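We name chains A, B, ... by the order of the sequence lines, and we start the count at 1 in each one. FYI, side chains are in, hydrogens and waters are out, and symmetry mates aren't considered; it's all heavy atoms of this structure. If you're wondering where the values come from, they're calculated on a predicted model, not measured in any experiment.
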Amino acid sequence: MSGRTSEATSPRAPTGPDARYNFREAEPRWQAAWAERRCFAAEADPARPKYYVLEMFPYPSGRIHMGHVRNYTLGDVVARYRRARGFNVLHPMGWDAFGLPAENAARDQGIHPAAWTYANIAAMRAELKRMGLSLDWDREIATCHPEYYRHQQKLFLDLFEAGLVYRKEAWVNWDPVDSTVLANEQVIEGRGWRSGAVVEKRLLSQWFFKITAYTEELLAALKDLERWPERVRLMQENWIGRSEGATISFALAGRGDRLEVFTTRPDTIFGASFCALSPAHPLALELARDNAGLGAFIAECHALGTTEAALETAEKRGFDTGLKAEHPFRPGVSLPVYVANFILMEYGTGAIFGCPAHDQRDLDFARKYALPVLPVVAPPGADPSNFAVADTAFLEDGVLINSEFLDGLDVAGAKRAIIDRLERDGIGRGIVVYRLRDWGISRQRYWGCPIPMIHCDACGIVPVPARDLPVRLPEDAAFDKPGNPLDRHPDWKHVSCPGCGRPARRETDTCDTFVDSSWYFARFCSPRADEPVTRADVDYWLPVDQYVGGIEHAILHLLYSRFFTRAMRACGHLSAEEPFSGLFTQGMVCHETYKDTGGKWLYPEDVLKRPDGSAVHAATGGKVTVGRLESMSKSKKNVVDPGAIIDKYGADTARWFMLSDSPPERDMEWASAGVEGAYRFTQRLWKLVTGAPAPESGGAAVTAGDFGADALALRRATHKTIAGVTEDIEKFHFNRAVARLYEFANTLADSGAGSGLGFAWARREALESLTRLIAPMMPHLAEELWEQLGHRELLALAPWPEADPALVDDLIVTLAVQVNGKLRATIALPRDADRRVAEEAALADEHVRRAMAGKAARKVIVVPNRVVNVVV
RNA sequence: GCCCCUGUGGCGGAAUUGGUAGACGCGGCAGACUCAAAAUCUGUUGUUCGCAAGGACGUGCUGGUUCGACUCCGGCCAGGGGCACCA
């Protein structure tokens, strides 16, 4: 080592290449080398097994955040590992580039959305490139580019042709702050997911994708997505919301028509005491024409909509229409028909029968309007003659009572019996209904993909001919007023009708941005094709073998992508059944929060932590309150800028720390002390490999006889580590892989000088294996070490090390010896020693003898290579 | 309200899936080097009793199954997430 002392101390001042690993110099150098060799450019090759790794593409906000660093590091480990395993890997990157923030920037800063977006993309691309990700940048796409949305418009036309797109007048969720329509999924607790504004109901003509055409398929296929987290499958299952029930049609007294209701409890028909209609039900609207009171009630229901007041009160209210529905099995009994505010037109038939004894809402309603409550299911063993329901409905299984031909059956049996009877009588049938609704995609915004349709007074709605695509966004839109800039534009919407040539109007709605992200994974397979996708390419690359992203997209994005895959298949674009065969959902990156004495949030870099755990303001020395761990957010200032971390420690350290400690699916804490530890490890590795160079074997033949005990021990450690790290990476247990690599580096550092040709060979094998194993996680350092070990070829192109099974298992194993289940000793035995040998060795141990206190062993349990338990 | 997940040292977490609880990292303590500090290296670090050998206790709480339970089962408690007038 050199005599220099003042350098090489702080991460801020690394120096000469011989003293320390200089990431500042090395990282850009290796990135340039990878780019020059085009190591990560993917090409379809049917002769090779493919592996498509994809992380959810980012919204170009302008800066990357720690969540991105974690997401892209996880994906990159998989990509680099698979490449080393010989797969033809596709690992692309793009930009989810349409969306409202660009229009807000235009309004607030006077920058055009396109200029703002492309500048952000350039900034973020540069940041991502510094991370050393093994991406095929040749395939980069941005959804706001006409070369992308042009193909999306073509897909829209194809879906339209296939009957999967339609237009209907619908009550929509209107966000008054963003002046746009939101999908049901984008309304969270009655508020817009982006603006947080209270959402109103409005009736508008909207474009819909017929996702319900695939409801059964989307649900049934979930069980085959074995490499998806169970929890995501469950969330989608709940979202689709399958429920089995029956329709029952009631005759209406004094009218020729009938009322059809939907119920999941047809078995409770004899307990029915009223019927109720949705305020939007056609019959309700018809009756309202001659009934001012009813009209007022319906108007009131709509006005309330999903406003705050409605959410808070949530009171069940109804209006008696005066109509009577005749009970289908009890001649002469009739039920009042109400319009009720809690019945949804979109679910079932928009009408129900109420059985208060066995449904809590119906019970509340019945009590309010003094309707009868007749129990028809009693708990098993209860006396049917005096079983009654007070203010809690009885929802469990039991025995049918007061129900004529159903009496004595259980709930499941009664359901079957009544459905049989309804079907025989022709007044109902068993059906399955779903919660899932069609996907409303119209947005009254500028910065989105224009919907390629034209409204003609003579021809109606006419698709834009494919040859006229793309329908480009006008560049000269104005953003200073609320509402849709496309609709306000002086001439953009005026076109001639493709059918009759007369003046017509363009559709001014643009697509929900979830449409853009519903097929980008397919576009990556042939990103410059003159058609949405090239069949041969998508059929080779799809499905995505490993998709990585945040749990927040568990429902919307993933369900829409699954729909799009099916819709594109129906249009002949691809043959994949599912878009993502493997899914991994990562946890969030969290950080402590800090507040000063005035209660103002502080950035972590302005806070000084003291050894006793307290914290002070770095500049003023004032007291700082340390708050709990929370997901990083700008509003709480508990953010750490990835750029600053990479400046200070390098990309490899940031990547390594991201993978250490916390399992990737769990939330993690970004702790500065942990980062320092990761940085120290990079330097230790550098010293380990360069400090005591392993001689090159130079092709000299090494035979088994050359390996002494120390060499063999080292070789066993090496092969055990290879096997362990390989398994950990396969299973996404990156934190365990990291722990193993720390352990192996410690073993290697402690293994000393050793002697002889065999040891030198074993040491070199160990160092090369270590270098290859860290490569997916710390790719730059690994290349540097690989070069130091004398290799001329890039490590990025080298294969993954193979573990020799003969060296993975130890020859001598340690067994635990218990007496009555308590650990008393450990004994060392040859691997797979005979049970009798193990038993004798255990009983001979002095600690064991003492614990047995002279008593005889009643029973001895031997688990080979693990444990001997002596029962006395 | 319904559904799901998680609870292990001072902290992040590990435990071959029923077989030596606490690997690995962070932090702490002690020591070496240094005029001193930083960096680096060595040792130590669940609690507790004991000079020691050694013992007792210990995976949210509680009961059970088992030769043996962080792991399986029942009942609680706490934290987090999803859905929520869905008939």
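In this structure, NE2 of A:His733 is placed 15 Å from C1' of B:C24, rounded to the nearest angstrom. For the pair A:Ile240 CD1 and B:C3 C1', the computed distance is 16 Å after rounding to whole Å. Regarding A:Arg666, its CZ atom lies at a distance of 14 Å from the C1' atom of B:C11, rounded to whole Å. Put simply, CE on A:Met668 is 12 Å from C1' on B:C26, counting in whole angstrom units. When the C1' atom of B:G12 is taken as reference, atom CD of A:Glu665 falls 14 Å away, rounded to whole Å. Between the CZ atom of A:Arg70 and the P atom of B:G12 there is a distance of 14 Å, rounded to whole Å. Regarding A:Ile352, its CD1 atom lies at a distance of 15 Å from the P atom of B:C85, rounded to whole Å. If you measure from atom CD1 of A:Ile827 to atom P of B:G19, you get 18 Å, rounded to the nearest angstrom.
Taking side-chain N and O atoms only, A:Ser660 has no distance below 4.0 Å to OP1 or OP2 of B:C26. Using a 4.0 Å cut-off, some side-chain N or O of A:Asn746 falls inside it from OP1 or OP2 of B:G25.
With the nearest nucleotide of RNA chain B identified for both A:Leu344 and A:Arg435, A:Arg435 has the one nearer the 5' end.
Counting heavy-atom neighbours within 6.0 Å of A:Arg231 CZ, excluding the residue itself, gives a total of 12 or less.
At the heavy-atom level, A:Tyr742 lies under 4.0 Å from the strands shown only through sugar-phosphate atoms. At the heavy-atom level, A:Arg242 lies nowhere under 4.0 Å from the strands shown. No contact: A:Asp362 has no heavy atom under 4.0 Å from any strand. When heavy atoms are screened at a 4.0 angstrom cut-off, A:Gly677 is found touching the sugar-phosphate backbone but no base atom. No contact: A:Leu741 has no heavy atom under 4.0 Å from any strand. Using a 4.0 Å heavy-atom cutoff across all strands shown, A:Arg858 reaches no nucleic acid atom at all. Contacts of A:Ile861 with the nucleic acid, taken as non-hydrogen atoms under 4.0 Å apart, include base atoms.
Contacts classified as side chain to side chain donor-acceptor pair (under 3.5 Å) and involving residues 342-360 of chain A (residues at least two apart or in different chains) are given here: A:Ser243-A:Tyr347, A:Asp359-A:Arg361, A:Gln360-A:Asp364. Residue pairs meeting the side chain to side chain donor-acceptor pair (under 3.5 Å) criterion with at least one partner in residues 808-821 of chain A, sequence neighbours excluded, are A:Lys720-A:Asp810.
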Enumerate all atom pairs, one protein N or O and one N or O from nucleotides 45-56 of chain B, separated by less than 3.5 Å.
unit_1 : atom_1 : unit_2   : atom_2 : d
B:A56  : OP1    : A:Arg824 : NH2    : 3.4

What N/O pairs connect the protein and nucleotides 20-23 of chain B at under 3.5 Å? Give each pair on its own line.
unit_1 : atom_1 : unit_2   : atom_2 : d
B:A23  : O2'    : A:Glu743 : OE2    : 3.0

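Applying the side chain to side chain donor-acceptor pair (under 3.5 Å) test to A:Arg866 and every residue at least two apart in sequence or in another chain returns nothing. Under the side chain to side chain donor-acceptor pair (under 3.5 Å) criterion, A:Arg740 pairs with A:Asp728, not counting sequence neighbours. For A:His327, the ring pair (Phe, Tyr, Trp, His ring centres under 6.0 Å) test picks out A:Phe270, with sequence neighbours left out. In terms of the side chain to side chain donor-acceptor pair (under 3.5 Å) criterion, A:Thr826 has no residue partners (sequence neighbours excluded). Taking the ring pair (Phe, Tyr, Trp, His ring centres under 6.0 Å) definition, one finds that A:Trp656 meets it with A:Phe681, A:Tyr742, sequence neighbours left out.
Looking at A:Thr212 and A:Asp438, their side chains do bring a donor and an acceptor atom within 3.5 Å of each other.
Of the candidate nucleotides B:G19, B:A87, B:C41, B:A87 has the atom lying nearest to any side-chain atom of A:Ile343. Between B:G12, B:C83, B:A39, one nucleotide has an atom nearer to the side chain of A:Ile555 than all others, and that is B:C83.
The two residues A:Asn865 and A:Leu815 have their closest heavy-atom pair at C-CG, 4.0 Å.
Pairing for B:G43 goes to B:C29, judged as Watson-Crick or G-U wobble with the two contacts each under 3.5 Å. Across all strands shown, B:C83 forms a Watson-Crick or G-U wobble pair with B:G1, both key distances being under 3.5 Å.
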